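None of these values were measured; they are calculated from a predicted model. Atoms within a ligand are numbered from 1 in the order they appear, just like the ligands themselves. Along the sequence shown, residues carry numbers from 1.
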Amino acid sequence: MRSDPLAFLGHELDSLREQKLFRHLRILEDEQRAHTTFDHKSVVNLSSNNYLGLTTHPKLRQRALEAVERYGVGTGSVRTIAGTMDIHMELEQKLAEFKKVEKVVVFQSGFAANAGTVSAILTKEDVVISDELNHASIIDGCRLSRATIKVFPHKDVDAARRLIKALPAEQRKLLITDGVFSMDGDLGALPDLCNVAEETGCIMMVDDAHASGVFGTNGRGTVDHFGVHGRVDIQVGTLSKAVGALGGYVAGNTNLIEFLYHRARPFLFSTSHPPAVVAACMAAVDVLLEEPEIIERLWDNTRFFKEGLQRLGFNTGLSESPITPVIAGEGAKAMELSDRLFARGVFAQGIAYPTVARDKARVRTIVTATHTREDLQYALDAFATVGRDLGLI
Ligand SMILES: Cc1ncc(COP(=O)(O)O)c(C=O)c1O
């Protein structure tokens, strides 16, 4: 019998077990809510990106059901062949109006939007100047493009400028940042980076996955939050987090979007969104416009919880958003913090290397609009007890 050619994967997994970094998937046995059931345990859920509670909003459910009745469950094709329905075009039009741009293209996920866009617009002759903490989908897009990648230290705008100025003026350059950094919850240096892009002729791109529905008027994102409309050439948003369904989109001018229709590989080579998802996303935009009080509740809860953690003495890094890390140090410690919280009925996922630096492992907390004050106080009490037991506070 031949030996297992995948045995090396088992060795890698053994090494994770030894370092206490091997993770089982937690299984959600109910809806994605602020208080729900994972692994047969009722918990306060601080791990979802469901910022506004839209995964279970009645308007989204209703519109998704109606779309299934009217169009069925799938599209049966990629967008460029037979998979563009009228509702795909309606969603893109609606998002373009919402984002105040000429045009939008929707992808199957935020990941596909980032990776598909960067890899489509750049070639190996070009350069990407990228914040060191940018999302994996940006990094993969850069690698696929085969452009030269220059990384600047997190939010160090002067370093970005120096990198750009050292390059030949005629070379095409893309300057790119996350709007909100997903592991630290801080905001990208968008206004200053826009200045650099304008001084040096770079294309400016922002990935607003965690800002979509959270920052800016009615959740329009960081471009709106910072008042830099018209200064960012490519905005990526997600429909998978605050919007409550699934997908990603690119907002920009007509040339950009029509080019992506022709060259973005996830658009060309992967089947389009099912009708229920498209309809739910359209309903979500209506909710953002009609029920902005949900976003206010998100921010009230964010302030309450973040201040609570800080008052207890936890290291919460530089967060400016509903994502608040509780930094524990070594990976094993963060995992123990997460496990002990879970045993007390609080689900906050542990995150370790390679997702974050080896000595900055953490549990990441995400507050939503639908947490009650009781949920949040319960979680703070659990953090206080476990944090003291582990010597973190
Ligand atoms: C910063 C950032 N960009 C992009 C994505 C990808 O978005 P999606 O989940 O819609 O694929 C994520 C999600 O993890 C993210 O955190």
Side-chain angles (χ1 to χ4, degrees), residues 25 28 32 46-52 54-55 60 91-92 95 99 104-119 128 130-144 151 154-155 174 176-190 193 205-216 219 221-223 225 232 234-251 264-267 270-274 277-278 280-281 284-285 317-325 349 351 354-356 362 364-368:
L25 299 177
L28 176 60
Q32 184 61 267
L46 295 175
S47 290
S48 90
N49 299 309
N50 183 23
Y51 291 105
L52 303 175
L54 298 195
T55 58
L60 274 73
L91 172 61
E92 289 174 345
L95 286 168
K99 295 289 284 186
V104 159
V105 54
V106 170
F107 286 82
Q108 299 85 348
S109 69
F111 197 109
N114 271 327
T117 299
V118 175
S119 60
V128 187
S130 176
D131 187 291
E132 65 177 335
L133 297 187
N134 277 346
H135 191 254
S137 51
I138 294 175
I139 297 168
D140 286 8
C142 294
R143 289 178 181 160
L144 282 169
V151 174
H154 185 44
K155 294 178 69 163
L174 173 71
I176 183 163
T177 182
D178 278 4
V180 175
F181 288 87
S182 57
M183 294 300 144
D184 292 86
D186 56 340
L187 288 164
L190 194 57
L193 290 175
M205 174 165 172
V206 66
D207 167 16
D208 250 352
H210 286 276
S212 308
V214 175
F215 279 89
T222 54
V223 166
H225 171 78
V232 175
I234 308 174
Q235 296 180 60
V236 167
T238 183
L239 305 165
S240 327
K241 302 184 192 296
V243 170
L246 177 70
Y249 59 88
V250 180
R265 292 168 74 83
F267 190 83
S270 184
T271 296
S272 56
H273 264 146
V277 170
V278 182
C281 291
V285 178
L318 300 171
S319 166
E320 302 164 82
S321 73
I323 300 172
T324 307
Q349 184 65 56
I351 295 174
T355 310
V356 294
R362 63 200 60 192
R364 183 177 65 157
T365 68
I366 300 184
V367 160
T368 72

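Evaluation of the salt bridge (charged side-chain N to carboxylate O under 4.0 Å, His left out) rule for E320 yields K155 as partners, not counting sequence neighbours. With sequence neighbours excluded, the residues that form a ring pair (Phe, Tyr, Trp, His ring centres under 6.0 Å) with F181 are H154. The ring pair (Phe, Tyr, Trp, His ring centres under 6.0 Å) search around F267 returns Y261, not counting sequence neighbours.
Judged by distance alone, with hydrogens and angles left aside, the side-chain atoms of N134 form a donor-acceptor pair with the main-chain N or O of D178 at under 3.5 Å. In this structure a side-chain-to-backbone donor-acceptor pair under 3.5 Å is missing from D208 to V236. In terms of modelled atom types and a separation under 3.5 Å, the side chain of S321 and the main chain of G185 share a donor-acceptor contact.
Around ligand 1 you find S109, G110, F111, N114, H135, S137, D178, S182, D207, A209, H210, T238, S240, K241, G247, each with a heavy-atom distance below 4.0 Å.
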